[in-house]
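The figures here come from the full heavy-atom set of this structure, side chains too, leaving out hydrogens, waters and symmetry mates.
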Amino acid sequence: MNFQKFKKEYLNFKKIFSNFSVFLDSYLKLLFVVFSSGIIFFGIYFWYGILYKSEWGDEEKNQYKNIQDKRIQLKEKELKSVMEESERRKSKYEEPIRITRNIFVPYADEGKNSLNDTENSSGLSSNSDASSESGATSTFPW
């Protein structure tokens, strides 16, 4: 057998490629329909198998039930902790209001700390004792 003659006639890639492109041009629509139909039928068969042919054994069913029970128990614990936090906040909200240090009162008036000091028009109290002793006219300690 003459390999050069065989190579020239049958292994000519340009000739193979041109024949393949002619084949695709003539049967492209048919190939597309066959390929699309195959994909659709495979999808339908796969979906049918998942929906109607799925059979679990007793061991798989028990594992599924145990996992679901654990999830429910965890969610019940989370619900209880949320309810406890809600009750704690509710009781905190229902407590009477405690008057704490007013941040708008200057440091020199910490001992006085009354509500009347904060009711002047500027929102800051004037410290007449501190200003008369130090000679300062500002209400700020610096």
Enquirer: I'd like to know if Phe20 and Leu30 are part of one continuous hydrophobic network [Ile/Leu/Val/Met/Phe/Trp/Tyr, side-chain heavy atoms within less than 4.5 Å].
Expert: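 Linked within one cluster.
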Enquirer: I'd like to know whether CG of Asp69 has more than 12 heavy-atom contacts from other residues, nucleotides or ligands below 6.0 angstrom.
Expert: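 Result for CG/Asp69: enclosed.
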Enquirer: Would you compute the distance between atom CZ of Phe35 and atom CZ of Phe32 and round it to the nearest 0.5 angstrom?
Expert: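 Phe35 CZ to Phe32 CZ: 9.0 Å, rounded to 0.5 Å.
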Enquirer: Nearest 0.5 Å, please: how far is CG in Asn62 from CD in Glu59?
Expert: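 The CG atom of Asn62 is 8.0 Å from CD of Glu59, to the nearest 0.5 Å.
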Enquirer: Please collect all side chain to side chain donor-acceptor pair (under 3.5 Å) contacts where either partner lies in residues 84-94, sequence neighbours excluded, each pair once.
Expert: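 Output for this query lists Glu85-Arg88, Glu85-Arg89.
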Enquirer: Can you give me every donor-acceptor pair (side chain of residues 40-51, partner residue at least two apart or in another chain, under 3.5 Å) with its distance?
Expert:
none

Enquirer: Tell me, which pairs form a side chain to side chain donor-acceptor pair (under 3.5 Å) where one or both residues lie in residues 17-44, sequence neighbours left out?
Expert: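 Every pair satisfying side chain to side chain donor-acceptor pair (under 3.5 Å) with a residue in residues 17-44: there are none.
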